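Encoded as structure tokens, the structure appears first; notes follow it.
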Amino acid sequence: MKSTEISVNSATCYKNNNLIFSDVSISYNDGDIGIIMGPNGCGKTTLIRSICGIQALDEGQILLDKIDIKNHNNNYMDKIIYIGHKNSLNNDFSVYENLEYLSAFDSSSKINKINEAMKYFDIYKYRNYMVSEISEGNKKKVSLARLLISQKKVWILDEPLSYLDDTAVNIFTNLVLNHQKKGGITIASTHYDFSKNINNVKYLNMDPGR
Amino acid sequence: MKSTEISVNSATCYKNNNLIFSDVSISYNDGDIGIIMGPNGCGKTTLIRSICGIQALDEGQILLDKIDIKNHNNNYMDKIIYIGHKNSLNNDFSVYENLEYLSAFDSSSKINKINEAMKYFDIYKYRNYMVSEISEGNKKKVSLARLLISQKKVWILDEPLSYLDDTAVNIFTNLVLNHQKKGGITIASTHYDFSKNINNVKYLNMDPGR
Amino acid sequence: MINMLVKKELALYFRNLNNIFLPLVFFFLIISIFPLVLGPEKNLFDKIIPGIIWITAILTTILTSNNFFKDDFNNGIIEIYLTSDMSVELVLFLKIISCWFFTCFPILIFIPLVSLLFSIPFQNSMVILLTLFIGTPVLISIGIFGSALTLGLAKNNILTPVIIIPFYIPVLIFSASAIEAVSTGLPFEMQIYILAALLILVLPIMPYLLKYTLGLSINN
Amino acid sequence: MINMLVKKELALYFRNLNNIFLPLVFFFLIISIFPLVLGPEKNLFDKIIPGIIWITAILTTILTSNNFFKDDFNNGIIEIYLTSDMSVELVLFLKIISCWFFTCFPILIFIPLVSLLFSIPFQNSMVILLTLFIGTPVLISIGIFGSALTLGLAKNNILTPVIIIPFYIPVLIFSASAIEAVSTGLPFEMQIYILAALLILVLPIMPYLLKYTLGLSINN
Amino acid sequence: MNISKIANLKFFYTNTRKISYYMSFFVMILFIIGIYWGLFIAPEDYLQGDSYRIMYMHVPAAWLSLQTYMVMAITGFIALVWKIKIMEIISIQCAPIGALFTIIALVTGMVWGKPTWGTYWVWDARLTSELILLFLYIGVMVLYASINDKRQAVKITSLLAIIGLINIPIIHYSVEWWNTLHQGPTVTKFDKPSAHTTMLYPLLYMFIVFNIYFITVIIKRVRLGIYAREKNSKWMEEYTDD
Ligand code: HEM
Ligand SMILES: Nc1ncnc2c1ncn2[C@@H]1O[C@H](COP(=O)(O)OP(=O)(O)OP(=O)(O)O)[C@@H](O)[C@H]1O
Ligand SMILES: Nc1ncnc2c1ncn2[C@@H]1O[C@H](COP(=O)(O)OP(=O)(O)OP(=O)(O)O)[C@@H](O)[C@H]1O
Ligand SMILES: [Mg+2]
Ligand SMILES: [Mg+2]
């Protein structure tokens, strides 16, 4: 498997003329777990979104394998899966259908892994529930289940632990560990450090911008 | 100050013909901190909503000072403030305006405490930001700031800690402690037990309904 | 408290002063679509212009009241309504009134001008104005009620209109009949009274009905 | 993957089979409002019925495309579109087509029946059908584009219609002109060709335009 | 026997199976008699000839379309206020039946309109409002179908039905309030019906038959509704095992 490097190169971002963060640099390689921490409002979400190309940077670049993602012809996402704050679930679909739908946006995903993924996160019993009929924590689990369906190497997660109960946090931590073992990269923002006894963790502590 | 008692009396709730929880009983008195814990999907939110009268129970009652809240002529909420999963913030308002607006729904609130409340949660600098321009954690702080503006005795909070950074969790814990000292009641669902070294905590552990 | 609510409710609309002109622009856009589509025959157009004005008003009410509570629902503000110890009925009343004031009222002001443009006789134009003045608050109320009924449902922009338009019929029938009467020289007071009675019936009940409906819709 | 998307996109509409009847009911409701408001004069009504059919189609497109991406925006699905490594343009194309198919197409099927009811001559009714068939996809596309433009904005149900209606005008002009032509016995092919050219121009570009617009609206 | 017992779902379900079965036959026979009476025994109308005989379908269907709506709204009201389960089911089951009556009234009216008015359809107040009544029923049904939780759904549709009651007087009095093509009250006038008794009796008879038909169908549908709601409950499993 080809090795992958994703790096943030002296990134600076303004919003509405306010500096959000400046000169942030970090790079992640195979097997890295990147934890982005920092107080509320320091720009974790903004940084994560710019790594995924949703948010434009004012200065600096995001490089995937040394090439600016802007020059990747829009297919740099074939190595990256992004799971944001919001669950990206469609209320008009059942849990199962949502996972089907979301998989269709991911070239690497394996539809036949959906059931397995649901079982892994212990939400199989809700498979035919409408999303609006399951609890907040279970919604988060559904969106995390995408990690098991997708075969991508780089996981970019924005506060993946919110609303999860302790069991689910452990399940998730194990999942990240397994991913690491396979050489995958995980980049996650979080307030609760799930990585206490994990190796190869790269912390990025963001100071409040102002 | 008259003492207050709020109690759940063998409450049972079904949704769509599925049992969510059954025969839950607990009661809270002045100075109590009630922590509702349990795995995702066990019905914490549902219970909390039924205590606030938003969710109808199929069996059992919620009693405020020994009187069923259904017989309180709709003004039983004059002792209770409820802050749910969702932040109840209007995206078209600034932070300050939102707090003004929300205070108007609360007979006990003191408008002149809004600035103080924002300072307490360290969001004063965002006072003129639109809600859509602040980070997720800061939105949560805005909705928690209502606790300082309102003068109500019973706080009912659904996962108040989500998205908060450590500083904010401490601020919140102190707030609850202060409230307890003044004889207030706090009922909160949470996955992260902020009440480790607090007295008078009443735990309600909800088993998964099925 | 109450002035705070009024202030905030108005602020929502006043935030962007353009918003006040939007209904007007919309009104003129729709009116100018008709001759495009129906053909520019002058006689025909003159005949149906009162009807077209009414149709346009109906559209405005359908559009503005569609998904009226959707944002409040998504943001959890409906829960604030239902757990408030203040008079939420008042808030809901305010919401109806301000929705009407900022979407229908601007149109009403321009009716005399429109009448002049399309050479509608003065008395007729006054009756049109009157029926709109009494009728549109009822329509807005009905529309808002419809959006409360369909609150928790999957997105369906046509469902609410389909549910509420049948309730528009009484208002439309009496308004049209009043306009018809005045243009043929018959007395039209009766119809206006009936419209007014509808308004007096609907407006005070609506806030209570809305609160009840929101409670039903959210208790899910 | 692609069939999955098609399947899911259709499932959204097929979930509730009633939804397919809704546009139809809406169509008849709007049509029946006109005689109520304009008065039941038969001659008048016969004259304007093609126009009314078109107006109703316009309304349907405005209503269904209003806030088209709002739910996807709130739920974060727009972010999925923008971070997908699949052809999102295809998804957007599908969304346009299925929106059209489930809101305009049911109406089109019933045009012959409606024509019968209102005794519109066969050839005229075929031209109406044709203009609608070519025109409504364009209108839906424009509407959806408008809702992408106004995605992150405060709730304003009238803003998007005001923005998009001016773009409706070309379609309306040529359609009306074709209908006018056929009812006066003149050739109408030219107008149909122009309409078809519009369609061929708009439909393939729209998905790209939409993706770009969504990216702009969300980079906030 | 008190009301709560009759209103009990189990009581209703277990006690109406036979009744519903026999009533279906009964109503069929009544219909055949009525059709024979209306088509062959009743005299020819001096103005309209034989075409008026469609009245024996049209008028009862039109009446029932209004009546069913009222039943739907009233039972809905009872369901909302007193939370009686069976009323919820009756209320929602009225909608498709009412829609059927409305469609019959519309179609027979159109068929009747062609020979008498020379056109199938005119946009007068009564015809339009009857069409709107159909849309009201459809609105109720669509809303019901759109809500997943059916207990919730009935509450919401009941509310809709109650508010919709306001249209009923409009439909009924529209002919008096506007000069329209449609026939004014001929039968329902208080003093003296203006129709001849030999024509009137079969009409009244048909009205009663339509009512019995309504009751038969509503019982059948309510049974289905109860089954759908209670199919997982203990008593239903026991009952269907027998
Ligand atoms: C599509 C066309 C028609 C519709 C929708 C329609 C609708 C109705 C409705 C709703 C009623 C019940 C009114 C009430 O009880 O308040 C009714 C009654 C009646 N209709 Fe029609 N009708 C139609 C055509 C006709 C025609 C063509 C005739 C005969 C010329 C006719 C004759 C009657 C009569 C005699 C009654 C009974 C009036 C009474 O005594 O209350 N209808 N129709
Ligand atoms: N449109 C805007 N105008 C001005 N400032 C903005 C705008 N959008 C976001 N910001 C600011 O950008 C900062 C970073 O926001 P971001 O959501 O990235 O924070 P975060 O680190 O993810 O916080 P949290 O832990 O609360 O999720 C915040 O302080 C926010 O106020
Ligand atoms: N309409 C519905 N139909 C069926 N089940 C439902 C419905 N709505 C909610 N539920 C179920 O009710 C249960 C309780 O949900 P609730 O939101 O109260 O859980 P919770 O304890 O707050 O979980 P979390 O920790 O994830 O927030 C869930 O298992 C959910 O699936
Ligand atoms: Mg964040
Ligand atoms: Mg919860």
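Everything quoted here is computed from the prediction, not taken from an experiment. So you know, we letter chains A, B, ... as the sequences are listed, proteins then strands, and number each from 1.
Ranking C:Leu172, C:Val25, C:Ile55, C:Thr64 against chain D, the residue ahead of the rest is C:Ile55, based on heavy-atom pairs under 4.5 Å.
C:Lys95 is linked by a side chain to side chain donor-acceptor pair (under 3.5 Å) to C:Glu9, C:Tyr81, counting only residues two or more places apart in sequence or in another chain. Judged as a side chain to side chain donor-acceptor pair (under 3.5 Å), and not counting sequence neighbours, the contacts of D:Thr61 are D:Tyr168.
C:Ile30 touches chain D through its side chain: at least one heavy atom from C-beta onward sits under 4.5 Å away, while N, CA, C and O do not. At a 4.5 Å heavy-atom cutoff, the contact between D:Leu59 and chain C is made by side-chain atoms alone. The contact between C:Asn66 and chain D is made by backbone and side chain atoms together, counting heavy-atom distances below 4.5 Å. Heavy-atom distances place no part of C:Ile179 under 4.5 Å from chain D, backbone and side chain included.
For D:Phe133, the CZ atom counts as loosely surrounded, since its 6.0 Å shell holds 12 or fewer non-hydrogen atoms of other residues, nucleotides or ligands.
Considering every non-hydrogen atom in both D:Ser32 and D:Pro35, the closest pair reads O-CD, 3.4 Å.
Side-chain contact between D:Leu214 and D:Leu92: present, with at least one pair of heavy atoms (C-beta onward) separated by less than 4.5 Å.
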